[in-house]
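The structure appears right after this line, and notes come after that.
These values consider heavy atoms only, across backbone and side chains, with no hydrogens, waters or symmetry-generated copies. Sequential numbering from 1 along the given sequence is applied to the chain's residues.
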Amino acid sequence: METESEPYVRLATLRQLHQVMADMNTARSLADTLQTVADGVVTGLGYEIAAVNLVRPDGDLVVAAFAGNSAAEALITGRVGSRASWERRLSMGEAWGDLRFIPHTEGWVLDDDDVPQWYTDGPAPRFEDEWHPSDRLFAPMYTPGVPGGACGELIGVLSVDRPRNGRLPGAWGREALQMYAFQAAIAISNARLRANMQRALVRLEREQQALRASEESFRQAFEYAPSGMAIAEMGGDQHGRILRTNDALCRLLGRPASAMRRYSFSDLVHPEDIGTLLRTSAEGGRAELRLGRRDGTYVWVSLRNSVVADATDGPRFLLTHVEDIEERKRRELQLAHRASHDSLTGLPNSAELRARLSARLCSRPASVAPSPVDTLDAAYAQHGEYGERDLVPAYDADGHGFDFRPGPEAFDAYDHHVHTVAPQGETDDGTKGLAVLFCDLDGFKSINDRFGHNAGDAVLIEVARRLGSGVRDGDTVARLGGDEFVVLADGLGRADAQDLAVRLRNEIIQPIRVDGRAMRVGASFGIGWAHCGMTADEVLKSADERMYVEKRSRPKAHRRAG
């Protein structure tokens with residue numbers, strides 16, 4: 001290019017420069033762009049060697065592209081020069097516009113710095129305007145968009161060596177190199193932007209693939225989970241409404257997925273478990289309760305909640321895991337029933353009898369004001385539950401009712417404790433109380449001795465059945481041990497209790513057929529009365545003593561006949 005006389009420049013030279021710049025702006029990658037910039041200095045601007053020194057994130061400059069000499073390219077490409085050394089170079093020498101020319105007379109001070117460099121060999125110049133082998137020419141490249149470029153951020157430096165005509169570049173050559181550096185800065189900035197965008201697109205695609213894989217994994221885990229899963233709305237007017245269920249939950253409840261979307265869990269839960277559901281937190285909450293099946297029955301399940309978001313700051317949903325625990329609950333109830341009931345007759349055992357009796361008795365007699373806890377205990381014994389405002393319900397061993405621990409508001413539910421009282425004197429004064437009938441079988445030992453214990457067990461089972469059928473719903477029949485039974489009957493007067501004892505005795509003395517034999521036993525009843533201020537053992541002892549009084553008062557020969 002410098003062979004052209006100024007201001008005359010051949011059109012072919014301009015076309016060649018235009019093609020170089022076009023190639024520079026159409027390169028596909030940052031690496032291709034950098035190499036095209038270096039090649040363009042050699043092919044379009046007429047220099048023998050060109051290097052692109054690119055600013056790294058740490059501020060130092062690396063030789064990112066080289067053109068004109070393959071030996072030099074292999075030697076210095078990838079080498080790094082410190083930012084301080086480069087700033088020293090760009091601050092010394094002669095300023096040709098934005099270019100920086102350091103003549104050989106000054107450049108010797110840079111021979112020992114850390115900037116990678118390569119010089120073409122050649123004879124010393126004979127004329128003043130000839131290029132010396134130690135001359136240095138740099139074209140800084142700044143971020144585009146700032147007029148003049150010098151005020152922009154340095155992104156790299158073009159270093160060139162020896163024009164092909166051997167002469168120092170004139171005004172046209174300097175202007176062309178400066179314009180080329182400006183266009184190269186634009187091309188490099190655009191290539192970096194494209195590279196960043198491509199990396200961002202690749203990263204986004206990977207994230208989307210990971211998201212799709214995660215969503216598919218969740219869908220498969222949700223749909224094919226062996227236990228029930230449900231997604232419900234969280235917050236708003238539709239809080240708790242079921243949006244989606246898996247097949248396992250639909251099978252468990254016997255309801256199709258389309259029908260499940262019409263409900264919330266509060267619609268499906270057993271009425272007695274609604275408080276448990278409402279007290280179960282959304283995040284990490286757990287509960288054991290009963291859900292209704294389509295056929296009207298209920299199944300015990302374990303609920304476990306977690307909160308999931310649809311997207312960043314998007315809608316939040318409630319993910320509920322539903323596990324069938326019906327079999328475990330059945331075993332627990334069976335174990336609890338065995339612990340509180342007689343294995344032979346199925347009646348409540350001695351421990352359960354004392355527990356039920358104690359639940360009806362507070363520790364204070366009627367003349368002493370009760371505490372709130374006494375009030376609630378007595379109310380529970382009378383009504384079977386405290387109330388809707390009380391806390392922590394637990395299903396009892398019989399599968400009926402709850403055992404509550406009262407909360408602060410529960411103490412306001414009942415203003416007065418209903419004391420258990422007993423009739424006074426030996427006549428019926430109209431007082432209704434809790435009668436305790438202590439029953440001891442007469443002649444039972446002889447059955448065991450004559451016919452064996454299997455026959456005796458069959459007699460005890462039949463006596464238990466007759467006692468159970470002879471009392472009211474809500475009364476308790478318990479086996480205290482051996483051939484002793486106890487009946488708790490609330491709300492009876494003295495005459496009522498005596499009538500009940502007579503009816504039960506008459507039922508017991510009827511013949512009992514065991515293995516084709518008719519057997520008979522008698523029964524002696526003692527009637528005691530429970531009242532607040534007594535313990536369960538004191539009540540049972542009182543009834544036991546009255547039973548022995550009644551037994552001794554009857555001739556031995558007539559006890560079995562009643």
Side-chain angles (χ1 to χ4, degrees), residues 224-230 245-255 260 265-281 284-306 319-359 380-381 384-386 390-405 457-458 460-461 464-465 467-468 473-474 476-481 485-486 488:
Y224 302 111
S227 54
M229 302 283 284
T245 56
N246 69 348
D247 290 341
L249 183 58
C250 292
R251 290 194 303 270
L252 178 63
L253 301 182
R255 302 175 186 269
M260 289 291 290
F265 279 108
S266 59
D267 300 323
L268 300 173
V269 73
H270 192 285
E272 293 177 340
D273 295 345
I274 187 68
T276 303
L277 177 67
L278 296 178
R279 285 188 293 272
T280 304
S281 65
R286 294 172 177 264
E288 293 186 357
L289 43 75
R290 291 159 292 177
L291 294 180
R293 290 190 174 108
R294 186 178 183 181
D295 60 7
T297 61
Y298 286 88
V299 57
W300 273 101
V301 299
S302 172
L303 295 185
R304 185 171 68 251
N305 292 331
S306 58
L319 177 64
T320 302
H321 178 263
V322 183
E323 182 181 359
D324 183 359
I325 60 171
E326 180 72 19
E327 187 60 31
R328 174 169 68 81
K329 275 293 181 179
R330 184 179 293 111
R331 289 196 303 268
E332 289 176 357
L333 293 177
Q334 289 173 349
L335 290 174
H337 187 273
R338 291 173 188 171
S340 60
H341 287 71
D342 176 51
S343 59
L344 177 64
T345 63
L347 296 177
N349 59 18
S350 175
E352 178 67 12
L353 171 67
R354 285 176 168 79
R356 295 189 184 186
L357 186 54
S358 297
Y380 171 76
E385 58 183 353
Y386 288 119
D390 306 313
L391 300 179
V392 193
Y395 206 65
D396 67 16
D398 292 328
H400 303 288
F402 289 87
D403 180 15
F404 287 83
R405 287 190 177 276
D457 288 347
L460 291 176
I461 293 172
R465 188 195 66 78
L467 287 172
D473 292 339
T476 294
V477 178
R479 184 186 179 196
L480 195 60
F485 298 86
V486 173
L488 303 182

TODO: Taking the side chain as every heavy atom from C-beta outward, state whether Asp273 and Tyr298 have any pair of such atoms under 4.5 Å apart.
DONE: no
Task: Side-chain touch Pro348/His341, heavy atoms, less than 4.5 angstrom - done: yes
Task: Leu303 side, atom CG; Leu277 side, atom CG - distance, nearest 0.5 Å - done: 7.0 Å
TODO: Go through the structure and list residues passing salt bridge (charged side-chain N to carboxylate O under 4.0 Å, His left out) with Asp324, not counting sequence neighbours.
DONE: none
Task: Set of salt bridge (charged side-chain N to carboxylate O under 4.0 Å, His left out) partners for Glu326, sequence neighbours left out - done: Arg330
Task: Side-chain heavy atoms of Leu289 within contact of Phe265, under 4.5 Å - done: no
Open item on the list: I'd like to check the side chain to side chain donor-acceptor pair (under 3.5 Å) partners of Arg328; sequence neighbours left out, ordered by chain and number.
Closed with: Glu288, Glu332
Open item on the list: If the condition is side-chain contact (heavy atoms from CB on, under 4.5 Å), which residues does Ile461 pass it with, not counting sequence neighbours?
Closed with: Leu344
- [ ] Output all residues satisfying side-chain contact (heavy atoms from CB on, under 4.5 Å) with Thr297, sequence neighbours left out; order by chain, then residue number.
- [x] Arg293, Asp295
TODO: Tell me, please, which residues at least two apart from Arg354 pass salt bridge (charged side-chain N to carboxylate O under 4.0 Å, His left out).
DONE: Asp537
Open item on the list: Would you say that Val322 contacts Leu291 through its side chain, given a criterion of any heavy-atom pair below 4.5 Å between the two side chains?
Closed with: yes
Open item on the list: Would you compute the distance between atom CZ of Arg286 and atom OG of Ser302 and round it to the nearest 0.5 angstrom?
Closed with: 6.5 Å
Task: Atom pair CZ/CD1 of Arg331 and Ile325 - distance to nearest 0.5 Å - done: 10.5 Å
- [ ] Using the test salt bridge (charged side-chain N to carboxylate O under 4.0 Å, His left out), find all partners of Arg304 that sit at least two apart in sequence or belong to another chain.
- [x] none
Open item on the list: Could you work out, with side chain to side chain donor-acceptor pair (under 3.5 Å) as the rule, every residue matching Glu323, not counting sequence neighbours?
Closed with: none
TODO: Kindly give the heavy-atom pair with the smallest separation between Ala230 and Leu249, and that separation in Å.
DONE: CB-CD2, 3.8 Å
Open item on the list: Within the structure provided, determine whether Thr476 and Glu352 are in side-chain contact (heavy-atom separation under 4.5 Å).
Closed with: no
Task: Nearest-0.5 Å distance that lies between atom CG in Leu460 and atom CZ in Arg479 - done: 5.0 Å
Task: Nearest heavy atoms of Ala287 and Thr280, plus distance in Å - done: CB-OG1, 3.1 Å
Task: side-chain contact (heavy atoms from CB on, under 4.5 Å) partners of Ala225, counting only residues at least two apart - done: Met229, Asn246
TODO: Can you sort out the partners of Ser227 under side-chain contact (heavy atoms from CB on, under 4.5 Å), two or more places apart, ordered by chain and number?
DONE: His321
Open item on the list: The criterion is side chain to side chain donor-acceptor pair (under 3.5 Å); which residues satisfy it with Thr345, sequence neighbours excluded?
Closed with: Asp342
Task: Under 3.5 Å donor-acceptor, Arg290 side chain and Glu272 backbone - done: no
TODO: Not counting sequence neighbours, which residues clear side chain to side chain donor-acceptor pair (under 3.5 Å) with Thr320? List them please.
DONE: Asn305
Task: Where Ala478 and Asn349 come nearest, the two heavy atoms and their spacing - done: CB-O, 4.4 Å
- [ ] State, to 0.1 Å, how close Ala248 and Gly228 come at their nearest heavy-atom pair, and which atoms those are.
- [x] CB-N, 3.9 Å
Open item on the list: If I compare all heavy atoms of Leu253 with all of Gly292, which pair ends up nearest, and what's the gap?
Closed with: CD2-O, 3.9 Å
